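Encoded as structure tokens, the structure appears first; notes follow it.
Because the structure is predicted, anything quoted here is derived from the model rather than measured. Naming convention: chains lettered A, B, ... in sequence-line order (proteins, then strands); numbering from 1 in each chain. Worth knowing before you read on, the calculation uses all heavy atoms, side chains too, and leaves out hydrogens, waters and symmetry mates.
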Number of protein chains: 2
Amino acid sequence: MRLTNKGKYGINALLVLASSQEDGPLTLKTIAGKAGIPEHYLEQIMGRLRQCGLVASTRGVQGGYRLARESEKIFIGEIVEAAEDSVQPVKCAAHQCERSDSCLNHDLWSRVTESMLKTLNGMSLAALCRDAFDHPCRGGDCSYPAWENIESGGV
Amino acid sequence: MRLTNKGKYGINALLVLASSQEDGPLTLKTIAGKAGIPEHYLEQIMGRLRQCGLVASTRGVQGGYRLARESEKIFIGEIVEAAEDSVQPVKCAAHQCERSDSCLNHDLWSRVTESMLKTLNGMSLAALCRDAFDHPCRGGDCSYPAWENIESGGV
DNA sequence: CTAATCCCGACTATTTTTGTAGGCAATTGA
DNA sequence: TCAATTGCCTACAAAAATAGTCGGGATTAG
């Protein structure tokens, strides 16, 4: 029941993007460098984020990634769901339950998933980004990147 | 962000216990058999549940496990927390955050943990047990045991 | 004393997560 | 058109976490 690096890296990468929206697309290398993420690993994660419509990319010279929407309209739950395979603690094979619509257990875990997502989607990338600039937290398991490497930019 | 077998097994084992409270303690073997859990693995899990005060055990001939409290007063979140190491998706090293009390990220994940626990602790073992008897769900990843092996008993 | 039973620690196997490598595809600009 | 840059994709390898096994010790009823 823990957030893996994929999720943390996803959030951190998007924080980097959110903090420099105006400078045109950022390359994988730049993002990885600023957030302290292994470049090729981040690549895989960016692929997921792209497929989920959170970032857009352009290839070739001067290409890179940018947010697909304003950071005000991207929510943390979306990022986590995109980067991790899912947020659901239990994947109940609903079709195998004869009456999953009235199964308390099924119901319980659905509610758990919902409540997690509701909390996570209650915060926008923009809000987290603003706070991150005030608060260069880098100890422990916090998912804030090493903000000293990130220049301040638009939010 | 998923519930592991430890958690599922913990719940299922306690469901078995809850369903036969009056028959005296049940042996590991019995519980494992009824819930379809490898005996020695369950032993480890029961150890955790015991240390967290959810079950009590007696050794020797005619020993076994029983619930430490009525099943009405045992909640699913407690079981999951005891069986898994924790429910927290992120273990932020709060002491390393210079101002973790006003760190949005820290805050966000605390709220996630809280909301999960609130949901999980909103259901008692007794309630789940009653439903489980009505609903022998056994497909997929549902954490209900194979109820056909469990004789009906008190709840 | 002996059999049943829980307790405990060490070990192994399996799965998941994390990370690496390398080649292909697209774009830009000379 | 060609070369450099950059994202895209698949396969592989390493590390960590989870799942499960084993064997011996401690406790208790009869």
Side-chain angles (χ1 to χ4, degrees), chain A residues 1-10 12-13 17 23-33 35-68 80 83-91 141 143, chain B residues 1-13 17 23-33 35-52 54-68 80 83-91 141 143:
Chain A
M1 208 91 77
R2 68 181 218 291
L3 185 70
T4 69
N5 280 0
K6 280 207 192 85
K8 291 179 211 167
Y9 288 171
N12 288 350
L17 282 179
D23 315 335
L26 299 186
T27 67
L28 205 47
K29 194 172 175 179
T30 304
I31 303 170
I37 302 171
E39 190 174 333
H40 280 77
Y41 194 32
L42 179 58
E43 190 172 22
Q44 294 175 32
I45 296 165
M46 293 308 280
R48 291 162 172 259
L49 300 180
R50 184 176 44 84
Q51 289 182 327
C52 293
L54 296 175
V55 299
S57 58
T58 41
R59 300 213 244 187
V61 178
Q62 304 214 327
Y65 294 91
R66 63 209 140 72
L67 297 181
V80 175
E84 310 264 341
D85 282 327
S86 166
V87 152
Q88 279 185 99
V90 168
K91 281 181 205 115
D141 239 347
S143 64
Chain B
M1 208 92 76
R2 67 183 221 289
L3 185 70
T4 68
N5 279 1
K6 282 207 191 82
K8 291 180 211 167
Y9 288 171
I11 295 172
N12 288 351
L17 281 179
D23 315 337
L26 299 186
T27 67
L28 206 49
K29 193 172 177 180
T30 305
I31 302 169
I37 302 171
E39 191 174 331
H40 279 77
Y41 194 33
L42 179 58
E43 192 172 20
Q44 295 176 30
I45 297 164
M46 294 308 279
R48 290 161 173 259
L49 300 180
R50 184 174 45 83
Q51 289 183 326
C52 292
L54 296 175
V55 300
S57 58
T58 40
R59 302 213 245 187
V61 179
Q62 305 217 326
Y65 295 90
R66 64 212 139 71
L67 297 180
V80 175
E84 311 264 341
D85 282 328
S86 166
V87 153
Q88 279 185 99
V90 168
K91 281 180 206 117
D141 240 347
S143 65

Original post:
Across the strands shown, which category fits B:G64 at heavy-atom distances under 4.0 angstrom: base, sugar-phosphate, nothing?
Top reply: sugar-phosphate
Subject >> Closest listed nucleotide, where the reference is the side chain of B:R59 and the choices are C:dC7, C:dT27, C:dG19 >> reply: C:dC7
Subject >> Separation of C:dC7 C1' from B:L42 CG (nearest whole Å) >> reply: 13 Å
Would you mind writing out the side-chain donor-acceptor pairs for residues 1-11 of chain B within the sub-3.5 Å range, not counting sequence neighbours?
| from | atom 1 | to | atom 2 | distance (Å) |
| --- | --- | --- | --- | --- |
| B:T4 | OG1 | B:K6 | N | 3.4 |
| B:T4 | OG1 | B:E84 | OE1 | 3.1 |
| B:T4 | OG1 | B:E84 | OE2 | 2.8 |
| B:N5 | ND2 | B:Y9 | OH | 3.4 |
| B:K8 | NZ | B:D141 | OD1 | 2.8 |

Subject >> Outermost nucleotides of DNA chain D that come under 4.0 Å of a non-hydrogen atom of chain A >> reply: D:dA4 to D:dA11
**OP:** Could you check which of C:dA25, C:dT16, C:dG19 has an atom nearest any side-chain atom of A:N5?
**Re:** C:dG19
Original post:
With respect to the side chain of B:V61, which nucleotide from C:dA4, C:dT20, C:dC6 is positioned closest?
Top reply: C:dA4
**OP:** Hey, which sits more toward the 5' end of DNA chain D by its nearest nucleotide, A:Q62 or A:R50?
**Re:** A:Q62
**OP:** Quickly work out the B:Y41 OH to C:dT14 C1' distance and round it to whole Å.
**Re:** 11 Å
Original post:
Taking atom C1' of C:dG9 as reference, at what distance in whole Å does atom CD of B:Q51 sit?
Top reply: 13 Å
Original post:
Checking all strands, does A:K29 fall into the base, sugar-phosphate, or nothing category for heavy-atom contacts under 4.0 angstrom?
Top reply: nothing
Original post:
Hey, does the side-chain of A:Q44 have a donor or acceptor N/O within less than 3.5 Å of a partner on the base of C:dT20?
Top reply: yes
